[in-house]
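Below is one structure, written out as structure tokens; comments come after it.
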Amino acid sequence: MYNYKKFFFIKFYFFAIIFLFNIPVNANEFEDYAKIGDYKEKLTYIYRDYLSVIDISGQIDDIITNLEADTINKKEAMTEGTKIVQELKTLMLNTTNSLNNLKPLVLSEENKDTESLYNEFINFLRDEIEPTMTKEIDVYEKAFLNALNGQFEDPMSRYLSTFDRLKIVIGSEIKLLGIEADSYEDDNPKKNITQLYLYSNMYILEFLDAFIYILNSFYLSESNDETDELSKFFSNLETSLTNTIGNSEIALEKGLENLRNYKEMYSKEEYDEQTQKWVDEVLKLMDEGFSIEKEVIQTMKSSSESLTMENFAENENALNDILDDFNALDYYSYLREELAIKEADALKRIQELE
């Protein structure tokens, strides 16, 4: 039987991946690229700090579970839980202060579209992420205080409510990624990378909806007699996931083709040693990005192949197995974060080309 207290959190975050391929030709562009790199790095850390609230709040749930099972004394629980709640509130305060103290990104006229994209991302942080993470803390603090008084809320309700908040985050990311993808020319590999991020987020959103439905149908429902409805659900799910994965494979293939064209184009140009080194670094980062996305697609395929009605009907550990498989995506989110930081550093160092 599935252990519903085993949490998983997907961290496929949007990092405002504005990474331009045109080699700067004037002072304004050099200055803009350096500004973009610095801004991108700061926003990456701010976003990562906000989303870490979801992981940390899981520690509170562990304390509540131990209180309910009477495996921790109340004094110890109160000390540990209060410390975690305060840590979360301090993290939110510091992160929000960092966001509010961030000076506006002002770019030259040539890059006003890029400036607008970053403003969209900042609004996303203020309007979607901060309120969502604040609610996450409030829900777990209330549950913790109630548990100290012997009032234990339904852990499943708390579990599923976290998914609802996570869906808000992912849905907002999808909108932003769509805006960013439209900002690139069709032959730019960054358009395809952004599309791959978008499709993986769509996959996660589809997975979360399916996860909640399956959990209710197979593990929480008193009856599993609605065979026709379940059969239709899994049929539609297979079609939806297959289409999303197929779109990802198309974006990957097109992106690799565009990257090959870019490499050929830049190989015909002559640069000074320092600029050539920077161009090589940019292209290498693009290679790294597509390698990550190739692995993401394989993991998506693996998890989707287990999302069948037969698997859930016959395998009592099906949900745990799928979550284990799906959690592998978290590793790739870490690689994406590291790549975003490398790209930001490359952008900041573009002034060395002057």
Side-chain angles (χ1 to χ4, degrees), residues 1-13 54 156 159-160 162-164 166-167 169-171 173-174 177 192-221 224-256 288-336:
M1 178 59 66
Y2 170 63
N3 176 13
Y4 57 77
K5 290 174 182 169
K6 176 183 178 183
F7 277 69
F8 87 105
F9 299 109
I10 306 303
K11 296 183 291 187
F12 266 26
Y13 307 147
I54 296 177
M156 180 57 69
Y159 182 58
L160 294 179
T162 292
F163 288 163
D164 288 336
L166 192 58
K167 284 168 59 179
V169 173
I170 296 170
E173 289 179 356
I174 289 173
L177 287 164
N192 309 114
I193 282 282
T194 306
Q195 289 173 330
L196 286 164
Y197 279 34
L198 187 152
Y199 292 135
S200 63
N201 272 272
M202 290 175 61
Y203 179 90
I204 291 166
L205 199 57
E206 292 169 339
F207 178 91
L208 289 176
D209 284 335
F211 175 84
I212 294 170
Y213 180 88
I214 292 167
L215 193 62
N216 285 319
S217 298
F218 280 89
Y219 301 100
L220 301 181
S221 175
N224 291 330
D225 294 337
E226 300 173 349
T227 305
D228 290 342
E229 182 180 337
L230 285 171
S231 179
K232 182 179 180 181
F233 166 78
F234 278 104
S235 177
N236 291 338
L237 177 62
E238 179 183 5
T239 300
S240 179
L241 295 181
T242 298
N243 288 340
T244 301
I245 293 171
N247 288 333
S248 296
E249 291 180 315
I250 292 171
L252 176 65
E253 182 179 357
K254 184 62 177 177
L256 291 173
E288 184 177 343
F290 281 112
S291 294
I292 293 171
E293 299 314 307
K294 187 181 297 184
E295 295 299 322
V296 169
I297 292 174
Q298 288 303 119
T299 305
M300 288 162 57
K301 283 183 175 180
S302 177
S303 64
S304 68
E305 289 170 357
S306 300
L307 285 167
T308 65
M309 185 173 175
E310 292 77 12
N311 188 36
F312 281 93
E314 300 171 2
N315 179 8
E316 64 177 12
N317 293 316
L319 211 51
N320 269 331
D321 293 343
I322 288 173
L323 287 181
D324 286 340
D325 197 19
F326 199 74
N327 267 332
L329 290 172
D330 185 64
Y331 171 68
Y332 299 112
S333 73
Y334 168 76
L335 295 182
R336 282 177 170 178

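The chain is numbered in sequence order, starting from 1. Given the structure is predicted, the values throughout are model-derived calculations rather than measurements.
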Nearest heavy-atom approach of S304 to L241 is CB-CD1, 4.0 Å
Note to self: So R336 and Y197, do their side chains get closer than 4.5 Å, heavy atoms only?
What the structure shows: yes
Note: G289 and I193 closest approach over all heavy atoms is C-CD1, 3.8 Å
From the list L307, N201, T244, side chain to side chain contact (heavy atoms under 4.5 Å, CB included) partner of E206 resolves to T244
Quiz item: Y203 side chain to M300 main-chain N or O, any donor-acceptor pair under 3.5 Å?
Solution: yes
So CD1 of I54 and CG of L166: to nearest 0.5 Å the spacing works out to 5.0 Å
OG1 of T194 to CG of L198, rounded to nearest 0.5 Å, is 8.5 Å
Rounded to the nearest 0.5 angstrom, the NZ-CG distance for K294 and L256 is 6.0 Å
Between the CZ atom in F233 and the CE atom in M309, the distance rounded to the nearest 0.5 Å is 11.0 Å
Self-check item: Residue pair N192 / L252, side-chain heavy-atom distance below 4.5 Å
Solution: no
Is T242 reaching over with its side chain to a backbone N or O of E238, donor-acceptor style, under 3.5 angstrom? yes
Within a strict 4.5 Å, meaning less than it, do heavy atoms of the D209 and K167 side chains meet? yes
Taken to the nearest 0.5 Å, the spacing of F207 CZ from F163 CZ works out to 8.0 Å
Practice item. Decide yes or no for I292 and Y334: does some side-chain heavy atom of the first lie under 4.5 Å from some side-chain heavy atom of the second? Key: no
Quick one about S200 and Y332 (side-chain donor to acceptor, distance below 3.5 Å, no hydrogens or angles considered), yes or no?
no
Open item on the list: Contact between E249 and K301 at the side-chain level, heavy atoms closer than 4.5 Å - yes or no?
Closed with: yes
In this structure, CG of L335 is separated from CD of E295 (nearest 0.5 Å) by 9.5 Å
